[in-house]
Number of protein chains: 2
Amino acid sequence: MVRARATVRDLRRQNRSVLLTALFLDGPLSRLQLSASTGLSAATASTITGELLDEGLLTEAGSVESDGGRPRVLLRVNPVFGHVVGVDVGETGIKVELFDLAMTRLSTVDLPVAAVRPGPVSELVAAGVAQVLSASGVPASSVLGVGVGVPGTVERGTSAVVHAQTIGWDAVPLERMIREAGVEPPLFVENGAKTQGQAEMWFGAGRGARHAVIVLVGSGVGVAVVTGGVMHRGATSNAGEWGHTTIVYGGRRCRCGVRGCLEAYAGAEAMLGRYREAARDGSSAPDQVSALEELLTSRSAAARRVVEESVGYLGAGIANLVNLFNPERVVLGGWAGLALGARQLDRIVAATAEHALRHPYAQVRIELGRTGPDAVAVGAATLPVAALLETGADPRSARRAG
Amino acid sequence: MVRARATVRDLRRQNRSVLLTALFLDGPLSRLQLSASTGLSAATASTITGELLDEGLLTEAGSVESDGGRPRVLLRVNPVFGHVVGVDVGETGIKVELFDLAMTRLSTVDLPVAAVRPGPVSELVAAGVAQVLSASGVPASSVLGVGVGVPGTVERGTSAVVHAQTIGWDAVPLERMIREAGVEPPLFVENGAKTQGQAEMWFGAGRGARHAVIVLVGSGVGVAVVTGGVMHRGATSNAGEWGHTTIVYGGRRCRCGVRGCLEAYAGAEAMLGRYREAARDGSSAPDQVSALEELLTSRSAAARRVVEESVGYLGAGIANLVNLFNPERVVLGGWAGLALGARQLDRIVAATAEHALRHPYAQVRIELGRTGPDAVAVGAATLPVAALLETGADPRSARRAG
DNA sequence: GAGGCTTATTTTTAGGCGCGAACTAACCTC
DNA sequence: GAGGTTAGTTCGCGCCTAAAAATAAGCCTC
């Protein structure tokens, strides 16, 4: 409600941003189409796109013949104006990916990690960034930014600080550390669930929704909430700790120490834990992923009961989000969420319907996620792109040339 | 992220809005103070305030001598530029209040209601509005808008529609009905918890916070969530149904039909219900308010256990909000919330601390509400004011003269 | 009590911006 | 190649804010 004052320069910046965003999200468009879809006059659309073409942000992308008139020239964001890097810092390894501005993946590097300690992780990130650049021949000066998705919450001050209880990170100044390890482009550190949510919003099942909840079920559970097209962060970027909301007051003890957290019931670890307790036949699976697969396909009564209960808890948890946020879309993602959802989406939806209020439930569509295994990295790479689009790539603010 | 295009007219509108909002919220200010606090140049602050003075939106409010220079002339929002009406539609009666633009209460009317049926309610609202106007001699043409706080959720389309399961309202076109009952000024229908939250944000314990959660415990429980200074509404204005989030999976059946809702544990009705079950000595109190008072002051073991448990459930519920929204402030309000909080705030805070994650909890301050019993009406009256401030009282858009 | 000093506000000037109208460009059909 | 049609550009206008200059309105000192 309380906005900041604005000047004519802000006007231009905003309209540049609007045009650039329209072109980025809705592919090649002619100047007149742009004018129609943004509401700007043809004159203004023309002068601004002219400016953006001069600056190298846009390129022409062929033309479309029309029935009897001058053909339209299609414009698009120049894929090689700059590049972006997305990094997924996981508990077992680091994935670094390089994209051009059309979000085409140019290079990928996977680096295994023995112990997720901040020092070595920062070094590996820097090494990975260098590797993807040299592998694809992209000069470092062309990189608009490096996005980093991390487990745990990210506090954004002058320099991002990471808190991740589960891997023992307490107030780790990761942004500074990565910078000191030799990464020069602007850094964007963000919680992995939020970067993955961003990927679903731009390229996956969240496309087009203004109010959406992206539920991520992996070993634990997390959520990214988008309201009014904006990712929800809260006062200190700690928002969205859905996994540790109480759903069974006085229930099972969670690894965070509290009783009855959703994560103690609905994550892969919790499901497998409850299964181990229920059936003493001991899964032989080597890792969580195949263990969950085994649990989900098992026909034993114990397995089926665990799965059924988990579906119930997850549905209730989703219903809580539906009641609180009233989204138009819920996207179920994360490796465990996709595995569970592939077989049980109907029943998850039914459990949600059972626990949610009729009215908000009637507004929502619940879908499976549609981004691949590198969603965290893709989402991380969108962060510098989002920054570029939001500022309208204002040439007056400091920016590295393309 | 995706904004709309803007023109020079939007610029002016926005800067008018910024100045007007600064004056409304931070009392009388001189032109130069305005310039400093908004970031606008002194010249612009001067021309815009000149315009607003001409239009009657502002008045001079004395001057302050300075040490050796020209004294500053203080400006303020003209209290009699227009008036606003706030209506609280409750389950037992309707309260109508008239304010000037300085939010000074000019007149109040309380109308008892036998059965909350939409038709009679609309008629009563219209009658109440007419009464407060004639009582204070304010002409109807001076009323900028009438805000109406209602139980249940409000769907805002071309005309607001109310859903309130608890009182049997299903898709009631209240806005149209009130209009047809003879209320002419613009109508602003909103959920009562949200209007009360708005009152706390502007005049109560929420002042100054950009991310806040206003928890309302009455007969049932509700919440208003403010993120980034904006009241959270969701896709169809149904957001914030905290009372029916599951906190005890499979627990007590709630009046909404689902098991384990927070409202089945933490509202006054739930507390009294559990008390009746626990202690068969039967309260003799004539109404809920005094019954709760009795419960809270009773020294019986049963009463103390019920209160203690309720504090735990409420704390867990608040912790869920803290984890999900990461607010800087939690305000506990509502008649039952204030009664409970007056004696047990420490223990509610402790219960919240116990259930919330360390980090988001460390950012939050939990306080008692500071608005009086007419908070819903005051908050409702702020709705037209907020609309006025947001549009910058643009004289080009249709508006009734002051 | 006149001149100088200080601070507040208004006026003037300059640089931008988006829009609408008029204009040019590039194609098609007959 | 004339006429028609659609796409894109140019130009003048009205508005906007910022910066600089001018004016207003007090206080202080000698």
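Chain A is the first sequence line, chain B the second, and so forth, proteins listed ahead of strands; every chain is numbered from 1. As a basis for the values below, the full set of heavy atoms in this structure was taken, side chains included, without hydrogen atoms, waters or symmetry mates.
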Can you identify which nucleotide, out of D:dT17, D:dC16, D:dA18, has its nearest atom closest to the B:Val8 side chain? D:dC16
The answer to which of B:Ser46 and B:Arg5 contacts DNA chain C further toward the 5' end, by nearest nucleotide, is B:Ser46
Per atom distances to the A:Ser41 side chain, the nearest of C:dG18, C:dC19, D:dG8 is C:dC19
Please tell me which of the listed nucleotides, D:dA18, D:dC15, D:dG26, lies nearest to the side chain of B:Pro71? D:dG26
Short side-chain to backbone donor-acceptor contact, B:Arg210 and B:Gly228, under 3.5 Å: yes
Looking at B:Val183, is its backbone amide N or carbonyl O close enough to the side chain of B:Arg179 to form a donor-acceptor pair, meaning the two atoms are under 3.5 Å apart? yes
Rounded to the nearest angstrom, tell me the gap between atom CD in A:Gln14 and atom C1' in D:dC16. 15 Å
Return each pair, listed once, that meets salt bridge (Lys or Arg N to Asp or Glu O under 4.0 Å) where at least one residue sits in residues 35-52 of chain B; pairs must be two or more places apart or across chains. B:Arg12-B:Glu51, B:Arg16-B:Glu51
Looking at every strand, decide which applies to A:Thr7 at a 4.0 Å heavy-atom threshold: base, sugar-phosphate, or nothing. sugar-phosphate
Have B:Thr227 and B:His211 got a donor and an acceptor in their side chains that come within less than 3.5 Å? no
Short side-chain N/O contact to D:dC16 OP1/OP2 from B:Asn15, under 4.0 Å: no
In whole angstroms, how far is the C1' atom of D:dA19 from the CZ atom of A:Arg9? 13 Å
Calculate the interatomic distance between A:Arg72 atom CZ and D:dT5 atom P; express it in whole Å. 17 Å
Of the nucleotides C:dT9, C:dC17, D:dC15, which has the atom closest to the B:Ser30 side chain? C:dT9
Taking C-beta and beyond as the side chain, do B:Val378 and B:Thr371 meet within less than 4.5 Å on heavy atoms? no
Mind listing the closest non-hydrogen atom pair of A:Phe188 and A:Ala387 along with its distance? CE2-CB, 3.7 Å
Between the protein and nucleotides 20-22 of chain D, list every N/O to N/O distance that falls short of 3.5 Å.
none

Remember a base hit wins even if backbone is also touched, and classify B:Ala45 as base, sugar-phosphate or nothing at under 4.0 Å, heavy atoms. nothing
Comparing nearest nucleotides in DNA chain D, the 5'-proximal residue of the pair B:Ile48, A:Val73 is A:Val73
Among D:dA7, C:dG18, D:dA18, the nucleotide that comes nearest once only the side chain of B:Thr44 is considered: D:dA18
Interatomic distance where CZ belongs to A:Arg12 and C1' belongs to C:dG15 [whole Å]: 13 Å
How many whole angstroms separate atom CG of B:Leu40 from atom P of D:dA19? 11 Å
Show, in sequence, the C-alpha distance, side-chain angles and deciding distance for A:Asn326 and B:Ser237, and conclude whether the side chain to side chain donor-acceptor pair (under 3.5 Å) test is met. CA-CA 7 Å; A:Asn326 180 214; B:Ser237 311; over 6 Å; no
Does a side-chain heavy-atom distance below 4.5 Å link A:His83 with A:Leu106? yes
State, yes or no, whether a side-chain contact exists between A:Arg5 and B:Asn15 at a heavy-atom distance under 4.5 Å. yes
What is the distance, to the nearest angstrom, from the CZ atom on A:Arg13 to the P atom on C:dG18? 12 Å
Using the 3.5 Å cut-off, write out each protein N or O paired with an N or O of nucleotides 1-6 of chain C and the distance between them.
residue, atom, partner, partner atom, Å
C:dT6, O2, B:Gly68, O, 2.7

Just by modelled atom types, is the B:Asp100 backbone N or O under 3.5 Å from a matching donor or acceptor in the B:Thr104 side chain? no
d(CG, A:Leu19; P, C:dC17) in whole Å: 14 Å
Between D:dT23 atom C1' and B:Arg31 atom CZ, what is the distance in whole Å? 14 Å
